[in-house]
Structures are given as structure tokens and as C-alpha cells.
2 protein chains.
Amino acid sequence: MSNTKVLPLLEPAPGEAAAPCCPPVTERPFTAEEAETAARMFKALGDPVRLRLFSAVASHEGGEACVCDISDVGVSQPTVSHHLKKLKEAGLLTSERRGTWVYYRVEPTVLAAMGQLLIKAGPTAA
Amino acid sequence: MSNTKVLPLLEPAPGEAAAPCCPPVTERPFTAEEAETAARMFKALGDPVRLRLFSAVASHEGGEACVCDISDVGVSQPTVSHHLKKLKEAGLLTSERRGTWVYYRVEPTVLAAMGQLLIKAGPTAA
DNA sequence: TGTCTATGTTGACGCTTGTCGATACAGGTG
DNA sequence: CACCTGTATCGACAAGCGTCAACATAGACA
């Protein structure tokens with residue numbers, strides 16, 4: 001709301017695995033600060049409509065999709081826009097306007113970072 | 001509330017990697033049903049207090065912890081109980097009473113399942 | 001039995017969130 | 001310029017959620 005507050009989650013060394021905000025959940029109890037940060041990401045994926053939108057973008061060709069390509073999720077256009085904004089504010093998506101259309105793209109390091117938060121390590125995704 | 005409705009997420013073939021509810025988000029757009037199921041898990045981790053509790057259990061010796069070991073998260077005891085219930089309902093934790101204390105344990109396949117939902121594949125965790 | 005500790009449940013409160021219709025803005029086309 | 005399409009914002013509403021104090025329940029122990 002206030003503004004587009006993107007989370008300071010990741011400092012992705014290029015070509016390197018993502019550096020998540022927090023250690024794996026199994027390593028040690030999260031501090032309040034870590035939990036605040038990580039929970040914001042999980043929360044963003046905690047709505048079915050948002051998860052569908054996110055998955056639609058993530059699975060789209062080139063990891064990016066026009067809003068018009070993914071907005072068929074059973075809610076009104078303003079609601080789609082609202083959810084995409086939330087995903088953007090959570091640092092999961094970025095957007096770029098190209099002519100008439102707006103394209104959303106998955107923040108590439110985010111998937112690996114969140115994944116590594118749950119399991120010890122893993123490939124940089126596909 | 002109604003009852004302890006555990007999600008029918010996983011059919012873990014013993015000794016085998018977890019079978020998540022859904023394909024990786026990058027594979028194809030989630031259906032409404034898949035999104036509903038997966039979002040319930042993410043939502044459960046989308047609260048800072050719950051995430052701290054979950055991490056506290058997950059990182060505790062043996063993957064299980066007494067409530068008394070983890071309830072120092074800055075909220076009242078009923079609130080802790082409430083959040084643990086939510087995590088249980090989401091299928092992320094199980095609980096067992098042993099004498100005076102109640103022990104919570106991480107549903108072992110869940111971490112791998114959620115992780116593989118974000119990245120293509122990974123180790124069975126540590 | 002009674003009492004103490006540990007945990008769960010209930011009921012209420014305020015805040016947040018998901019949703020929509022109406023409207024505004026951006027960019028293309030004629 | 002006017003008009004149309006795609007997307008974002010606004011304002012309002014209902015529902016959900018996190019929180020607490022008060023109370024209830026379960027087990028240990030004397």
C-alpha cells in the first residue's frame with residue numbers, strides 16, 4: 001500500500017546459488033526478525049489465487065508472462081491486479097511495461113532461496 | 001474447530017522422496033485445486049509466530065519438541081496453542097502427549113514436499 | 001481426594017485481507 | 001484529436017485472522 005516495498009532478501013552472487021534470508025528451518029530456531037522476513041514470502045504464496053498467478057508466471061515461457069496470459073483465475077481484473085501487486089511487494093515478481101501490455105517475471109533467485117529454506121540444499125532450479 | 005482436518009498431501013513411500021501434492025510451480029500453472037492445497041501449507045508458514053514455532057520444532061533435537069521448549073516467542077500461551085493447532089491442521093506438525101507434556105513433531109515428508117514445490121528436486125533433507 | 005502444573009478451548013476484540021464496481025491512467029490506432 | 005483496450009487505483013464491504021483473558025481439561029503427585 002504505502003509503497004512498493006521490496007524485501008531485502010537476496011544478494012545473489014551471479015552464477016551462484018541464492019543466498020536466502022535465513023538458514024534452513026531445521027538448522028536452528030528462527031529469530032523474530034528472520035521469521036518476519038521469511039513469513040512475508042510464505043504469506044504471499046498463501047493465497048490460492050496468488051499461488052495460481054505465481055505458478056502461471058513461473059511456468060510460462062521464459063519465466064515471464066503478460067497479465068492477459070494469466071488473468072483467467074476466476075476473479076475480477078482488479079483483484080488480479082491487486083494480487084500481482086502483493087507478489088511484487090513480497091519480492092517474488094517483477095513487472096515491466098512493454099507497449100500496451102505489462103509483463104510479470106519471477107524473481108529468479110527467490111525460488112531457490114525459499115526452497116533452501118525448507119530443505120538443506122538443492123539445485124538452482126531448472 | 002470442526003476437527004483436526006489434516007491435509008491429504010503425501011503418500012510417502014517409505015524410504016522414498018516425498019510425493020508432493022503438486023508439481024513444481026515452474027512446471028505448469030497450478031489448477032485451482034492444487035493451488036488450494038498448496039496455499040494452505042504456505043499460509044500456515046505465513047505468520048511470523050507460526051514460522052518461529054515451526055522452526056523451533058524442526059530444529060529441535062530429534063525433530064520434536066515439548067511446547068514448554070518452544071513457547072518463548074513473545075505471545076501468550078493460548079496464542080501459542082492456537083498457532084500450533086493451525087500448523088497441525090495444515091499437516092505440518094503432529095502432536096503426542098507424553099505424561100504431563102505435549103510434544104510436537106515435524107511431519108517428516110512435508111519439508112521435502114514443499115521444497116520440491118519450489119525447486120525442481122532436492123535431497124530428502126537432513 | 002485435592003492441588004499443582006502444562007496445555008487446550010472459548011469468546012470477544014480490532015486489524016487485516018480478499019473481493020468487487022467504479023474510475024483513472026497508459027498506450028496504441030484511426 | 002477521439003476512441004478503444006489493457007492495467008492500476010480507489011472506496012467500500014464482509015470475512016478471516018491474531019491476540020488476549022478467562023476458563024476448562026489432563027496428568028502427576030501427595
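A, B, ... follow the sequence lines: proteins, then strands. Residue 1 opens every chain.
Side-chain atoms of A:Ser55 come within 3.5 Å of backbone atoms of B:Val25 as a donor-acceptor pair (strictly under, hydrogens ignored).
Of the candidates D:dT9, C:dT9, D:dG6, C:dT9 carries the atom nearest the B:Ser81 side chain, counting heavy atoms from C-beta on.
For B:Lys85, a side-chain nitrogen or oxygen approaches OP1 or OP2 of C:dT9 to under 4.0 Å. Contact check, A:Tyr104 against D:dA8: a side-chain N or O comes under 4.0 Å of OP1 or OP2.
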- Item | Contact pattern, 5' to 3', of nucleotides 17-30 of chain D - B, S or - by protein heavy atom under 4.0 Å | SSBBBB----SS--

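A salt bridge is defined here as a Lys NZ or Arg NE, NH1 or NH2 lying under 4.0 Å from an Asp or Glu carboxylate O, and A:Arg98 with A:Glu96 meets this definition.
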- Message: If you apply the rule side-chain contact (heavy atoms from CB on, under 4.5 Å), what do you find for B:Leu92 with B:Val106, and how did you get there?
- Response: CA-CA 6 Å; B:Leu92 302 182; B:Val106 174; over 6 Å; no

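With rounding to whole Å, B:Glu96 atom CD is found 15 Å from C:dT7 atom C1'. When rounded to the nearest whole Å, the span between CG of B:Leu93 and P of C:dG8 equals 11 Å. Taking atom CH2 of residue B:Trp101 and atom C1' of nucleotide C:dG8, one finds them 17 Å apart after rounding to whole Å. As rounded to whole Å, 12 Å separates atom P of C:dG8 from atom CD of B:Glu89. Nucleotide C:dT19 holds its C1' atom 14 Å from the CG atom of A:Leu53, rounded to whole Å.
The minimum heavy-atom distance between A:Gly115 and B:Ile119, with the atom names listed, is CA-CG2, 4.3 Å. Nearest heavy-atom pair across B:Ala38 and A:Leu51 is CB-CD2, 3.5 Å.
A distance of 8.5 Å separates CZ of A:Phe42 from CZ of B:Phe54, quoted to the nearest 0.5 Å. Atom CD of A:Glu34 is separated from atom CZ of A:Arg28 by 4.0 Å, given to the nearest 0.5 angstrom. Distance SG/B:Cys68 to CD/B:Gln77: 11.5 Å, rounded to 0.5 Å.
Geometric assessment of B:Arg52 against the ring of A:Phe30 yields a negative cation-pi assignment under the 6.0 Å and 45° thresholds.
Residues from residues 59-70 of chain A that place a heavy atom under 4.0 Å from any atom of DNA chain C: there are none.
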